[in-house]
Amino acid sequence: MPDEDGTIPVTRHERLVIALVTLLQFAVIMGFTMVMALGPDFAQSLGIPLDHLGYIVGSYPLAAAVGTLLWTRHADRFDRRWAVLGFLFGAALCHLIASFATGFETLLAARMLGGLFGGPAAATALAIVIDVVPGIRRGRAMGMVMGAFSVASVLGLPFALWLSEGFGWQAPFRAVALLALLVCGLLAWVLPPIRGHLDNPRSRAGTSIATILAQPNHRLGLALIATAMFSNFLVIPNLSSYLLFNLDLPREDLGGLYMIGGGLSLVGMQLTGRLCDRFGSVWPGTITCLLTALVGWAYLLHSPGPSLVWVGFGAYMLFSSARRVAQNTLNSFIPAEHERAAFASTQSAVQHLSSAAGSYLGAALLVSSPGGALEGMPLLVAVLVVALVIQPVLMAWLARRLARRASTGSPVDARR
């Protein structure tokens, strides 16, 4: 029941669900993002050219898009608890398989198989958050759940780099497989059933992708996420190589750099989530998008000195992560209850497809010099800046449409 001031108090159930979904997201994200940092290590061991790393990184989101598209029609027909457990267990086995890769082709195949399970797991987890958390607190909840990416950077990536350096590139893959299995056990033990959406007959009927795409607000939200993830993965898969071979960062400093960048992005996500709950998503999203563009332009084109390498990387991670909280918070108000998982799955598919597109375009635009340095950064940065400038326009447009919908009686907060 709401308090006297109209707010809905935080329940123990809500806190538990947010904590468990955050832990799940950490396991899924580690399985995805560690490849970005480990690229130079397994590339050397398996004889993979550095300018092919974008294809390895992009294979996972491409397969995840296929997995979530196949899942969309059925996403709201089942208890979300069992759905997310099944997909996470499958992802764990795929990480284990990847550790036995012998070359480019076998690693690519294993990563694509992992994406088929990882994508639906993340999408179902996002639907759980939307189900459980009231709109007035959803920005903070999104900041917490998406903060798993930052925790992975602060703790997971440095640990993965340490494992790779000491025990070989296979060790991080096996560690993530074990982590995902442990999370499966914990979720099976304590996560309550998530079945409230099944009371709606429209959930049992399922929601097709065509139904999602037929709605203008849904299309606009998907366009926003597509542009956001495209700009992210245009740069991120190439950052490790850029730092090591263009900026001459020592290999032993890479883990510390990711730790600092992840810590700053975690702070930025939590702050942005609170700002979204108080002021709506548009202004926090606009400011962080423009700051990401400015830092990206300065950092990737002007070869900062040794001290500014750390400052620039931290600033880029902070603003780039923070803008995604604002964008996902805004998008969480789009779907109706009976289509939340279907929309989240479609959004996840679009997110992964655009991530793959960004990774592949980045790989196509960049060429490794004989010394390993990446050439072609000016054109890549130009595409990045254009994509980042478009995002605030899409956010403002979507927020106006949601406000108009709220004014007609739909329970959507017009401030979003």
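Atom set for the values below is all heavy atoms of this structure, side chains included, hydrogens, waters and symmetry mates excluded. In this chain, residues are counted from 1 in sequence order.
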State, to 0.1 Å, how close [X] and [Y] come at their nearest heavy-atom pair, and which atoms those are.
{"X": "Ala27", "Y": "Ala180", "value": "CB-CA, 4.3 Å"}
{"X": "Gly221", "Y": "Leu398", "value": "CA-CD2, 4.0 Å"}
{"X": "Ser164", "Y": "Leu38", "value": "CB-CD2, 3.5 Å"}
{"X": "Arg219", "Y": "Ala214", "value": "NH1-O, 3.2 Å"}
{"X": "Thr329", "Y": "Cys276", "value": "CG2-CB, 4.3 Å"}
{"X": "Val385", "Y": "Ala293", "value": "CG2-O, 4.1 Å"}

Is the closest side-chain donor-acceptor distance between [X] and [Y] under 3.5 Å?
{"X": "Gln347", "Y": "His218", "result": "no"}
{"X": "Arg174", "Y": "Ser99", "result": "yes"}
{"X": "Asn232", "Y": "Arg323", "result": "yes"}

Roughly how far apart are [X] [atom1] and [Y] [atom2], rounded to 0.5 Å?
{"X": "Leu116", "Y": "Arg111", "atom1": "CG", "atom2": "CZ", "result": "12.0 Å"}
{"X": "Phe313", "Y": "Leu249", "atom1": "CZ", "atom2": "CG", "result": "9.5 Å"}
{"X": "Leu23", "Y": "Ile18", "atom1": "CG", "atom2": "CD1", "result": "14.0 Å"}
{"X": "Cys94", "Y": "Leu113", "atom1": "SG", "atom2": "CG", "result": "3.5 Å"}
{"X": "Thr292", "Y": "Phe319", "atom1": "OG1", "atom2": "CZ", "result": "7.0 Å"}
{"X": "Gln327", "Y": "Ser281", "atom1": "CD", "atom2": "OG", "result": "9.5 Å"}

[X] side chain to [Y] main-chain N or O, any donor-acceptor pair under 3.5 Å?
{"X": "Gln270", "Y": "Gly143", "value": "yes"}
{"X": "Arg138", "Y": "Val129", "value": "no"}
{"X": "Thr124", "Y": "Ala121", "value": "no"}
{"X": "Thr288", "Y": "Pro284", "value": "yes"}
{"X": "Thr272", "Y": "Met269", "value": "no"}

If you count heavy atoms of other groups shown closer than 6.0 angstrom to [atom1] of [X], is the number above 12?
{"X": "Arg274", "atom1": "CZ", "answer": "no"}
{"X": "Met377", "atom1": "CE", "answer": "yes"}
{"X": "Phe89", "atom1": "CZ", "answer": "no"}

Determine the sole option in Leu308, Leu294, Val381, Val309 for which the side chain to side chain contact (heavy atoms under 4.5 Å, CB included) test with Tyr299 is passed. Val309
Can you confirm whether [X] sits close enough to [Y] that some side-chain heavy atom of one is under 4.5 Å from a side-chain heavy atom of the other?
{"X": "Arg324", "Y": "Ser321", "answer": "no"}
{"X": "Leu330", "Y": "Leu402", "answer": "yes"}
{"X": "Leu257", "Y": "Trp310", "answer": "yes"}
{"X": "Leu222", "Y": "Asn331", "answer": "no"}
{"X": "Val35", "Y": "Phe42", "answer": "yes"}
{"X": "Leu126", "Y": "Met142", "answer": "yes"}
{"X": "Glu339", "Y": "Gln215", "answer": "yes"}
{"X": "Ile128", "Y": "Val17", "answer": "yes"}

Taking the six-membered ring for Trp and the single ring otherwise, decide whether the centroids of Tyr60 and Phe233 are under 6.0 Å apart. no
Step-by-step side-chain contact (heavy atoms from CB on, under 4.5 Å) determination, Leu107 to Leu46: CA-CA 9 Å; Leu107 182 58; Leu46 298 177; 4.1 Å; yes
Please step through side-chain contact (heavy atoms from CB on, under 4.5 Å) for the pair Phe100 and Thr106, ending with a clear verdict. CA-CA 9 Å; Phe100 293 99; Thr106 52; over 6 Å; no
Let me see the working for Thr286 and Gln391 under side-chain hydrogen bond (donor to acceptor under 3.5 Å, both in side chains), right down to the final yes or no. CA-CA 8 Å; Thr286 297; Gln391 292 165 42; over 6 Å; no
Summary of salt bridge (Lys or Arg N to Asp or Glu O under 4.0 Å) pairs that have at least one residue in residues 83-92, sequence neighbours excluded: none
Do Leu388 and Leu290 pass the side-chain contact (heavy atoms from CB on, under 4.5 Å) test, and can you show the C-alpha distance, the side-chain angles, and the key distance before you say yes or no? CA-CA 7 Å; Leu388 287 166; Leu290 296 180; over 6 Å; no
